[in-house]
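This report refers to the structure that appears directly beneath it.
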Amino acid sequence: MTIRRPLVRSELPDDTASLARTLIGKLVVRELPEGIASGRIVETEAYVAGDAAGHGYRGMTSRNRSLFLGPGHAYVYLAYGISYMLNVSSEMPGIGTGVLIRALEPLEGIAIMRLNRGIERLRDLARGPGKLAQALRIDRSLDGIDLCREGPLWLAIDDHQADDIGQGIRIGITKDADRPLRFYVRGSPFVSGTRSLNP
DNA sequence: TGAAAGATTACCT
DNA sequence: GGTAATCTTTCAG
């Protein structure tokens, strides 16, 4: 068991892009009936204020209301009818911005993740936003929960050393697609996307 | 009420 | 590297 504690809300930067960068190297902890599954965040994307690609861009709806709760809450939605996406809300209540968690390096509960994913290969357990949600069994029931408190799903910090962080364009979007708002750990095999996207 | 797009993944060649 | 699968949400009419 590694030494870790919940992330404190006042530690989260006000600015969404800064939050996306800050979350690299932090932990996502999932508490399940079978035990704890956790992973280190190796890839994020920021969906900032005034960003046409952001779900909060056109105001609050029944789906995206969690984005407007203020920093450190979970926004979970289903993409393409197949994959759940985990986001961390950012900035002040009512703004509607957030950070997508795109990939994790599995740490604890790897056997649980293998069962949830139905595959063996470590590298593919949480390499991609839909994959990590499946590995940690994240769905809409976790939408809106506070990630700065221990519970079914929370964010943690440990004594991990700072990573070498790369920055590039976001994956899989069409609007505002050229903005460099994706952050990743250089050299990590657990980052999604092709080699050319991760120099 | 209908249609279109979507922050993806898995499987094929 | 290309494409089908799959279904919810949102916006138009």
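FYI, side chains are in, hydrogens and waters are out, and symmetry mates aren't considered; it's all heavy atoms of this structure. Residue numbers start from 1 in every chain, and the chains themselves are labelled A, B, ... in the order their sequence lines are given, proteins ahead of strands.
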Between [atom2] on [N] and [atom1] on [X], what's the gap in Å once rounded to a whole number?
X	N	atom1	atom2	result
A:Tyr84	B:dG6	OH	C1'	15 Å
A:Asp124	B:dC11	CG	C1'	13 Å
A:Lys175	B:dA5	NZ	P	10 Å
A:Leu132	B:dT9	CG	C1'	13 Å
A:Arg58	B:dA5	CZ	P	13 Å
A:Leu197	B:dA7	CG	C1'	14 Å
A:Ile138	B:dT8	CD1	C1'	15 Å
A:Leu86	B:dT8	CG	P	14 Å

*When rounded to the nearest 0.5 angstrom, what is the spacing between CG in A:Leu153 and CG in A:Leu86?*
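One gets 6.0 Å once the value is rounded to the nearest 0.5 Å.
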
Test: [X] and [Y] ion pair at under 4.0 Å:
X	Y	answer
A:Glu105	A:Arg123	no
A:Arg102	A:Glu45	yes
A:Lys26	A:Glu11	no
A:Arg186	A:Asp164	yes
A:Arg170	A:Asp51	yes
A:Asp146	A:Arg9	yes

Under 3.5 Å between N/O atoms: give me all the protein pairs with nucleotides 2-7 of chain C, atom names plus distance.
from: C:dT6; atom 1: O2; to: A:Tyr80; atom 2: O; distance (Å): 2.9

*Using the side chain to side chain donor-acceptor pair (under 3.5 Å) rule, take A:Arg182 and A:Asn198 through it: C-alpha gap first, then chi angles, then the decisive distance, then the call.*
CA-CA 10 Å; A:Arg182 171 172 169 273; A:Asn198 303 301; 2.6 Å; yes

For [N], does OP1 or OP2 lie under 4.0 Å from any side-chain N or O of [X]?
X	N	value
A:Arg117	B:dA10	yes
A:Thr61	C:dT9	no
A:Arg102	B:dT8	yes

Checking all strands, does A:Arg182 fall into the base, sugar-phosphate, or nothing category for heavy-atom contacts under 4.0 angstrom?
->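 Since no nucleic acid heavy atom lies under 4.0 Å of A:Arg182, the category is nothing.
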
Original post:
Which part of the nucleic acid does A:Arg63 contact within heavy-atom distance under 4.0 Å: base, sugar-phosphate only, or nothing?
Top reply: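 Contact class for A:Arg63: sugar-phosphate only.
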
**Asked** Mapping A:Ile119 and A:Ile173 to their closest nucleotides on DNA chain B, which lands nearer the 5' end?
**Response**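 Nearest nucleotide further toward 5': that of A:Ile173.
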
Task: Which residues share a ring pair (Phe, Tyr, Trp, His ring centres under 6.0 Å) with A:Tyr77, sequence neighbours left out - done: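 Only A:His55, A:Tyr75 meet the ring pair (Phe, Tyr, Trp, His ring centres under 6.0 Å) criterion with A:Tyr77.
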
Of all the nucleotides listed ([options]), which has the minimum atom distance to the side chain of [X]?
X	options	value
A:Gln134	B:dA10, B:dA7, B:dG6	B:dA10
A:Ser62	C:dT10, B:dT9, B:dA7	C:dT10
A:Lys131	B:dA7, B:dG6, B:dT9	B:dT9

Legend entry - side chain to side chain contact (heavy atoms under 4.5 Å, CB included) partner of A:Leu155, chosen from A:Ile41, A:Leu12, A:Val8, A:Leu27: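 With A:Leu155 as partner, A:Ile41, A:Leu12, A:Val8, A:Leu27 yield a single side chain to side chain contact (heavy atoms under 4.5 Å, CB included), made by A:Ile41.
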
message = Under 3.5 Å for both pairing distances: what stems, at least three Watson-Crick or G-U pairs long, include DNA chain B?
response =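 Listed by first number, the stems are B:1-6 with C:7-12, B:8-12 with C:1-5.
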
